[in-house]
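Below you'll find the structure I mean.
Letters go in sequence order (proteins before strands), and every chain restarts at 1. All heavy atoms count here, side chains included; hydrogens, waters and symmetry mates do not.
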There are 2 protein chains.
Amino acid sequence: MGRQMTEMLKGVLEGIVLAILSGQPAYGYEITARLRARGFTDIVEGTVYAVLVRIEQKGLVDVTKVPSEKGPPRKVYTLNDRGRTDLDEFWRTWGFLEERLEQLKQGDN
Amino acid sequence: MGRQMTEMLKGVLEGIVLAILSGQPAYGYEITARLRARGFTDIVEGTVYAVLVRIEQKGLVDVTKVPSEKGPPRKVYTLNDRGRTDLDEFWRTWGFLEERLEQLKQGDN
DNA sequence: ACCAGTAGATAGTAACACTGAATAGCGGAC
DNA sequence: GTCCGCTATTCAGTGTTACTATCTACTGGT
């Protein structure tokens, strides 16, 4: 992955995962697949699981273990109220940045 | 500063500084002031100087020392060719992220 | 003599994404 | 019946980054 993308994902990837979970509950492997389908082709499992551990510890998601027909049991993550609050805050922060960068891009500096 | 903003700035702040320099050369203290004027009210000098040291070491800027009427000599940073290339790449990476997040925000997840 | 404003530097910290590898369960091919 | 591939999770170690807090240094005004 490009160095710039890696750095830019910091603080954003967590929001992306929360946003994905806001649509419907999902488990790690599935989330990785969705990210890939969305164009984030270079994000590997290890990275996603680290995010999931973090948002669980922060109490932004509820977790249930669901047996899989194929492979070890899945840990299904569901966004809870605190997670939704955090996601809202994420979008506000993102919106702020987006605005400022749009101005900069227009060249009024 | 909010935790989310701090993390989100990683990888972005450097691009912001390069973008500011693309308009015209500037020195650290001045750049901090411009950032503040742009709404980044919580970014302090120490943070900006760290970025400047980094982009200088990467060879993205040329540096000249200019005496100041008031206070110690200024280090004026000028974006060079490598810096411009890096800035282009930054905007591409940013554009990619912006697109994906816009989709996510629209709720198609 | 002191202080505020200007200007830069730096050591230490915390957070984060990445790398690479390991573990574990199941199905099918051979 | 053993090996391979796919599913699924975990974890230790690394590098990069922004922040905190503090320090130095120069000038002008009170």
Side-chain angles (χ1 to χ4, degrees), chain A residues 1-18 25-36 40-58 60-61 63-77 86 90 93 97, chain B residues 1-18 25-36 40-58 60-61 63-77 86 90 93 97:
Chain A
M1 177 134 38
R3 155 198 145 262
Q4 292 200 111
M5 182 58 88
T6 291
E7 292 308 320
M8 228 182 264
L9 277 177
K10 291 187 181 180
V12 179
L13 182 57
E14 184 174 316
I16 293 175
V17 170
L18 291 179
Y27 56 97
Y29 198 80
E30 185 187 5
I31 293 173
T32 307
R34 293 229 204 128
L35 285 170
R36 297 247 176 81
F40 297 102
T41 54
D42 295 325
I43 295 183
V44 295
E45 283 89 348
T47 301
V48 176
Y49 286 115
V51 174
L52 292 175
V53 166
R54 211 162 61 226
I55 64 178
E56 181 182 359
Q57 278 171 350
K58 285 187 194 168
L60 307 180
V61 287
V63 186
T64 55
K65 253 190 182 143
V66 178
S68 166
E69 331 80 47
K70 204 148 164 70
R74 297 164 173 167
K75 284 179 73 176
V76 174
Y77 295 83
D86 203 77
F90 168 77
T93 307
L97 250 191
Chain B
M1 179 135 37
R3 155 200 145 258
Q4 291 199 115
M5 182 58 88
T6 292
E7 291 307 321
M8 230 181 264
L9 277 176
K10 292 186 181 179
V12 178
L13 182 57
E14 184 175 316
I16 293 175
V17 170
L18 292 179
Y27 56 96
Y29 197 80
E30 185 187 7
I31 294 172
T32 306
R34 292 228 205 130
L35 284 171
R36 296 246 177 83
F40 297 102
T41 52
D42 296 325
I43 294 182
V44 295
E45 284 88 348
T47 301
V48 176
Y49 287 118
V51 173
L52 292 175
V53 167
R54 211 161 62 227
I55 65 179
E56 181 181 0
Q57 278 170 351
K58 285 187 193 167
L60 306 180
V61 286
V63 186
T64 55
K65 253 193 182 142
V66 178
S68 167
E69 330 81 49
K70 199 145 164 75
R74 298 166 172 166
K75 285 180 72 174
V76 174
Y77 295 84
D86 204 76
F90 168 78
T93 307
L97 249 193

Legend entry - Whole-Å gap separating C1' (dA9(C)) and CD1 (I55(B)):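 Atom-to-atom, I55(B) to dA9(C), this comes out as 16 Å.
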
Legend entry - Length of the CD1-P vector between I31(A) and dA17(C), whole Å: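 Distance, rounded to whole Å: 14 Å.
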
Inset, instruction - Output yes when at least one side-chain N/O atom of Y49(B) is less than 4.0 Å from OP1 or OP2 of dA9(C), else no. - result: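 No, no such contact exists.
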
Inset, instruction - Indicate whether OP1 or OP2 belonging to dA7(C) is found under 4.0 Å from a side-chain N or O atom of Y27(B). - result: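 So the side chain of Y27(B) is within the cut-off, an N or O lying under 4.0 Å from OP1 or OP2 of dA7(C).
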
Inset, instruction - For R74(A) and dT7(D), give me the distance from atom CZ to atom P, rounded to whole Å. - result: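 These atoms are roughly 10 Å apart.
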
Legend entry - Between P of dA17(C) and CD of Q4(B), the distance in whole Å: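 In whole Å, dA17(C) P and Q4(B) CD are 12 Å from each other.
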
Legend entry - Residue list, side-chain contact (heavy atoms from CB on, under 4.5 Å) with P72(B), at least two apart or on another chain: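 P72(B): no side-chain contact (heavy atoms from CB on, under 4.5 Å) contacts found.
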
Legend entry - Close side-chain approach of L13(B) to I43(B), heavy-atom, < 4.5 Å: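 Of all side-chain heavy-atom pairs linking I43(B) with L13(B), at least one is under 4.5 Å.
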
Could you run down the sub-3.5 Å N/O contacts of the protein with nucleotides 13-16 of chain C?
| unit_1 | atom_1 | unit_2 | atom_2 | d |
| --- | --- | --- | --- | --- |
| dA15(C) | N3 | K10(B) | NZ | 3.0 |
| dC16(C) | OP2 | R54(A) | NE | 3.3 |
| dC16(C) | O2 | K10(A) | NZ | 3.1 |

Legend entry - Residues that E30(A) engages under side-chain hydrogen bond (donor to acceptor under 3.5 Å, both in side chains), provided they are two or more places apart: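 Partners of E30(A) by the side-chain hydrogen bond (donor to acceptor under 3.5 Å, both in side chains) criterion, ordered by chain and then number, come out as R34(A).
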
Legend entry - Gap between atoms CD and P, on Q57(B) and dT17(D) respectively (whole Å):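 Between P of dT17(D) and CD of Q57(B): 11 Å.
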
Inset, instruction - Might you confirm whether atom NZ of K65(A) has over 12 heavy atoms from other residues, nucleotides or ligands at distances under 6.0 Å? - result: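 Atom NZ in K65(A) is not crowded, with 12 or fewer foreign heavy atoms closer than 6.0 Å.
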
Inset, instruction - Would you kindly give the CG-to-P distance between L35(A) and dC18(C), to the nearest whole Å? - result: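 So the two atoms are 10 Å apart, to the nearest Å.
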
Inset, instruction - Please state how far atom CZ in R36(B) lies from atom P in dT6(C), giving the value in whole angstrom units. - result: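 For the pair R36(B) CZ and dT6(C) P, the rounded distance is 11 Å.
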
Inset, instruction - Quickly work out the K75(B) NZ to dA9(C) C1' distance and round it to whole Å. - result: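 My rounded result for the distance is 9 Å.
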
Legend entry - Contacts of type side-chain hydrogen bond (donor to acceptor under 3.5 Å, both in side chains), residue Y29(A), not counting sequence neighbours: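 With sequence neighbours excluded, Y29(A) shows a side-chain hydrogen bond (donor to acceptor under 3.5 Å, both in side chains) to no residue whatsoever.
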
Legend entry - Electrostatic pair E7(B)-R54(A), nearest N-O below 4.0 angstrom: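 Here E7(B) does not pair with R54(A) in a salt bridge, since their nearest N and O are not under 4.0 Å apart.
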
Legend entry - Contact letters for nucleotides 19-30 of chain C, in which S counts primed atoms plus P, OP1 and OP2 and B counts the base, heavy atoms under 4.0 Å: B----BBSS---

Inset, instruction - State, with a plain yes or no, whether a side-chain heavy atom of F40(B) is found less than 4.5 Å away from one of L97(A). - result: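 Yes, side chains in contact.
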
Inset, instruction - May I ask you to test the K10(B)-T6(A) pair for a side-chain heavy-atom distance under 4.5 Å? - result: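 A side-chain contact under 4.5 Å is absent here.
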
Legend entry - Residue Y29(B), side-chain atoms from C-beta onward, closest of dC18(C), dA7(C), dC19(D):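 Of all the options, the side chain of Y29(B) is nearest to dA7(C).
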
Inset, instruction - Just jot down the side-chain contact (heavy atoms from CB on, under 4.5 Å) partners of F90(B), sequence neighbours excluded, or say none. - result: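 Scan of F90(B) (side-chain contact (heavy atoms from CB on, under 4.5 Å), adjacent residues dropped) gives Q4(A), M8(A), L101(A), V12(B), L87(B).
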
